[in-house]
Structures are given as structure tokens and as C-alpha cells.
Visitor: 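Here it is, the structure, as C-alpha cells.
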Amino acid sequence: MIGDKKALFSGMQATGNLTLGNYLGALKNWVNLCDEYECFYSVVDMHSITVRQDPAELRKRARALLTLYIAAGLDPEKNCIYYQSHVTGHAELAWILNCYTYMGELNRMTQFKDKSAKHADNINAGLFDYPVLMAADILLYQADVVPVGIDQMQHLELTRDIAQRFNSIYGDVFTVPEAYIGKQGAKIMSLQDPSKKMSKSDENPNASIYLMDDPDTIMRKCKRAVTDSEACVAYRDEQPGVKNLIDIYSACLNKTPAEVEKEFEGKGYGDFKMAVGEAVISVLKPLQDRVAELEKDKAYIDTVIKNNAEKAQYVSNKTLRKAQKKVGFPERPR
Ligand code: ATP
Ligand code: LTN
């Protein structure tokens, strides 16, 4: 709780080009939560360096992501939008939490296993420790809820375990957070292999729709999406490609899968894919226009970055000081 509102935290990495999966699974669901919750949305650049990055590129992408948060409809007056690296408490709390997390727990994390297989030449301690930094992000703001895609559930469970472990030793220090999974678009799959999630690090550019793709590219990717030979727009596990397209279409237009099935009854995949393409364009084009507009106003974005980082620093310091005191660090002279 912050004041009389419940708190909410989420973050995204500024690595790679954001996909439609990131938007429908995360960003889209974030908008409008600020009436109910005190919201903190971070560009988690400290997480990004667990994989080697080009510094200039990372800086550019981090700013683009922050701009995208605003373009997607997060009002920076009502939502605290900031760079993780601008707030000192993330690293400080992560260190403390490291001492309350077991190697065995981190060893079980599937993201670590996946990423270390992918980056076999750079399996660094940060990559292993990534979930503890994520726990620190969340616990610093006493977040009650954390909107994430299903793929992040394992990290959230670990965060809860760490919080409960710490609380059982020291009393109520941290709020134990709950996941908040959006109803639609929670797991958008690859357009080329619907058994894999749509991912910004996919090597095949046709597998993902990127948020900055132009309309022709979006349409082409939708038309090329892998389906099946059933020739029936049905929402069922046996037709994973079609099911995924229905998920995309319904998330873009706020319809239910049943409504979509009905709409395309008796229609072929050609018509359906075209409609999916149009639905995606109708969502992404206005978003792209708003990004272009915001990018022109450098001073405004700079002010958002500064003011919100100050707010985040202030709020997070309270939790950090409490945790430091509990574990026995000496008080700071006033
Ligand atoms: P990578 O592919 O490099 O692992 P990613 O695309 O999974 O990256 P993240 O930065 O890890 O991107 O995720 C940001 C947010 O988007 C998270 O909340 C995550 O759950 C959500 N998300 C990512 N991909 C999808 C997807 N295909 N469907 C729904 N949500 C997604
Ligand atoms: N690990 C997340 C990004 C992330 C996050 C967080 C999400 C970092 N810290 C705190 C929610 C809450 C990811 O890879 N998507």
C-alpha cells in the first residue's frame, strides 16, 4: 500500500525490438490501472546488461521504451515511469535479498537455463542472479500486484518466497505480491512456430510482429503465419496457429474468441489473416504516430525522466531503510 492505494510494479527490458506479444501481454494491460493502483513502471536497464549490450544502442532503446510507455497511454503524472538505473535502491536491496535466496532456487529458473544455453560464452553471475534483482524491483515499492506475462510467473513465485522468508524472520517488512495476468493476450505465440512464444530475440523476423513494423510488413507477416489444413477458424488446441491468430485478433479488438469464431464461420484463412492484419495495424499505427510526436519533444521526456526518478527514489528509500535496519546495518547519522 502507498497512501490509501494498493501499489503496482512492472518493468520491461529495453533489449531487442518490442513485439506485439510485449504489447498485448503487458503494456496494453497496464493502461487504466492507475485509477486503482499507485503504479510504478520501470525500464529495467540493469537487467539488460546480464546479456552483452552495445552501450549507445542500449541507451537509445531505453529511451525509446520509456517513450513507448507514454505513447501507449501511461500518463507520467499518474504513473511513475523511470529508468531502473536511476534509482539506487534496486541494487542495494538486491544485495540484501541475495543473502536470503538459495542457489538451488535460482538453479531451477527456466529463464536462466534458456538464456545460459543461448549465451553459452557469457554465463555471468548477473544472469544467474537476475530473479533476485527482479524481486528487489517489486518489493522495494511494496507492490501488491505485478502485471506480467505467464512466462514471468516462476520469477514472481520466487519473489513471493523471498518476501515470505524475510518477513518470517524480521516481521512484516515486505508486501507479498500477487501476479496480475491480463485476460487476453497473456501468451502470444510465434507466427512461424505456434509452439514457441513470440519473442523479440527470435532470429526469424517473420515469427514476430514488431511494434514499429509498417502496415505492409504487418500484413505480409500475418498472411505468412503458419496455420493448418483444417480450413476452419476454430479456437482449439489442435489448431495452435489459428488459435494464436484468434488470440491476437481478439486482444486487438477486445473481443472474445467465441465472438471471433462466429464472425469467421464459413470463411477461409485468407480472409481471416487479412482481418487479423488490419486489426493489428489499427492498434499499432496510432501507437507509432504518438511515439513520433513524443520524440520531437525532448524537453518533456527529459522532465518526465527526472521527476519520476526522484519520486521512485523517495518511495523506494523507505523500504530500503527498513530492510537495512532489520538486517542490522548501523543507522545513518542525521
Ligand atoms: P526475450 O524474448 O528476449 O526473452 P521477451 O519478448 O520475453 O524477451 P521481456 O522483456 O522479457 O520480453 O518481457 C516484457 C513483458 O512482456 C513481460 O511481462 C512478458 O511476460 C511479456 N511478454 C513477452 N513476450 C510475450 C508474449 N509472447 N505474449 C505475451 N506476453 C509477453
Ligand atoms: N524479468 C522481466 C522484466 C522485469 C520485471 C521486473 C517484470 C524486471 N523486473 C519486475 C515485473 C516486475 C522480463 O524479463 N519480462
Side-chain angles (χ1 to χ4, degrees), residues 7-30 39-51 53 61-62 65 68-69 72 82-85 87 90-91 93-94 97 109-119 126-127 129-141 143-160 162-163 177-204 207-211 244 247-248 251-252 312 316:
L8 176 153
F9 184 95
S10 198
M12 245 191 235
Q13 295 201 57
T15 34
N17 286 321
L18 254 66
T19 71
L20 186 65
N22 296 126
Y23 180 71
L24 297 179
L27 205 45
K28 181 171 181 271
N29 300 318
W30 294 1
C39 296
F40 295 84
Y41 295 111
S42 186
V43 171
V44 291
D45 48 358
M46 291 164 67
H47 278 92
S48 296
I49 62 163
T50 53
V51 173
Q53 304 289 338
R61 285 186 192 278
L65 180 55
L68 187 74
Y69 281 3
Y82 70 98
Y83 294 130
Q84 184 186 30
S85 62
V87 175
H90 293 261
L93 184 62
L97 299 181
M109 296 292 120
T110 53
Q111 183 172 303
F112 171 68
K113 289 184 207 164
D114 292 350
K115 293 220 168 165
S116 36
K118 226 182 222 171
H119 306 276
L127 195 63
D129 201 31
Y130 179 114
V132 181
L133 180 59
M134 179 162 163
D137 299 342
I138 297 166
L139 301 181
L140 262 185
Y141 298 91
D144 295 271
V145 290
V146 182
V148 279
I150 286 168
D151 60 310
Q152 293 299 313
M153 278 306 282
Q154 199 186 27
H155 289 161
L156 202 70
E157 282 302 324
L158 178 68
T159 302
R160 289 167 56 86
I162 298 172
E178 302 276 348
Y180 180 106
I181 308 274
K183 280 183 210 69
Q184 291 163 323
K187 196 161 189 189
I188 301 297
M189 310 309 279
S190 153
L191 296 181
Q192 291 299 312
D193 175 0
S195 67
K196 285 195 325 199
K197 79 163 187 163
M198 185 181 284
S199 160
K200 52 190 168 185
S201 39
D202 202 307
E203 271 139 37
N204 181 352
S208 310
I209 294 175
Y210 299 109
L211 295 187
N244 187 40
D247 273 331
I248 293 175
C252 285
S316 60

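We count residues from 1, following the sequence as given. Read the numbers this way: they start at 1 and go in the same order the structure lists the ligands and their atoms.
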Visitor: Among all protein heavy atoms, pick out the one at the shortest distance from atom 10 (C) of ligand 2; state its residue, atom name and that distance to 0.1 Å.
Guide: Phe9 CE2, 3.3 Å
Visitor: In terms of atom number and element, which parts of ligand 2 are under 4.0 angstrom from non-hydrogen atoms of Val44?
Guide: 8 (C), 9 (N)
Visitor: Can you tell which of Met189, Lys118, Lys197, Met12 gets a heavy atom nearest to atom 24 (N) of ligand 1?
Guide: Lys197
Visitor: Can you tell me the protein heavy atom closest to atom 1 (N) of ligand 2 and the distance?
Guide: Tyr130 OH, 2.7 Å
Visitor: Out of all atoms in ligand 2, which are within 4.0 Å of some heavy atom of Gln13? Include the element for each.
Guide: 14 (O)
Visitor: Quick one: side-chain contact (heavy atoms from CB on, under 4.5 Å) partners of Ala7, sequence neighbours excluded?
Guide: Ile2, Asp144
Visitor: Compute the minimum heavy-atom distance from Met12 to ligand 2 and say whether it is under 4.0 Å.
Guide: no
Visitor: Quick one: list whatever passes salt bridge (Lys or Arg N to Asp or Glu O under 4.0 Å) with Lys197, sequence neighbours left out.
Guide: Asp151
Visitor: Check ligand 2 against His47 and write out every atom of the ligand that is under 4.0 Å from a heavy-atom position of the residue.
Guide: 8 (C), 9 (N)
Visitor: Of Tyr69, Tyr141, Phe9, which is the lone residue that meets ring-ring contact (aromatic ring centres under 6.0 Å, His included) with Phe40?
Guide: Tyr141
Visitor: Judging by distance only, is a nitrogen or oxygen of Gln152 under 3.5 angstrom from one on ligand 1?
Guide: no
Visitor: Backbone, side chain, both or neither: what part of Asp151 comes under 4.0 angstrom of ligand 1, heavy atoms only?
Guide: side chain
Visitor: For atom 11 (C) of ligand 2, which candidate among Val43, Thr159, Val148 provides the closest heavy atom?
Guide: Val148
Visitor: Rounded to the nearest 0.5 Å, what separation is found between the CE atom of Met109 and the CG atom of Asp129?
Guide: 12.0 Å
Visitor: Less than 3.5 Å between some nitrogen or oxygen of Ile150 and one of ligand 1, yes or no?
Guide: no
Visitor: Heavy-atom contacts with Gly25 under 4.0 Å: which atoms of ligand 1 show up? List them by number with element.
Guide: 29 (C), 30 (N)
Visitor: For ligand 2, does Asp151 get within less than 4.0 Å through its side chain, its backbone, both, or neither, judged by non-hydrogen atoms?
Guide: neither
Visitor: Knowing that exactly one of Asp45, Asn17, Thr15 qualifies, which makes a side-chain hydrogen bond (donor to acceptor under 3.5 Å, both in side chains) with Arg61?
Guide: Asn17
Visitor: State if Thr19 counts as touching ligand 1 under the rule of any non-hydrogen atom under 4.0 Å.
Guide: no
Visitor: Note the single closest protein heavy atom to atom 4 (C) of ligand 2, along with its residue, its atom name and the distance in Å.
Guide: Gly11 O, 3.8 Å
Visitor: Gln154 and Thr110: which non-hydrogen atoms are nearest, and at how many Å?
Guide: OE1-N, 2.8 Å
Visitor: What are the atoms of ligand 2, with element, lying closer than 4.0 Å to any heavy atom of Asp137?
Guide: 6 (C), 8 (C), 9 (N), 10 (C)
Visitor: For ligand 2, which part of Gln152 has a heavy atom less than 4.0 Å away: the side chain, the backbone, both, or neither?
Guide: side chain
Visitor: With atoms numbered from 1 as shown, which atoms in ligand 1 lie under 4.0 angstrom from a non-hydrogen atom of Ala26?
Guide: 15 (C), 16 (O), 18 (O)
Visitor: At under 4.0 Å between heavy atoms, is it the side chain or the backbone of Leu133 that contacts ligand 2, or both, or neither?
Guide: neither
Visitor: Give the atom numbers and elements of ligand 1 that come within less than 4.0 Å of a heavy atom of Met198.
Guide: 24 (N), 26 (C), 27 (N)
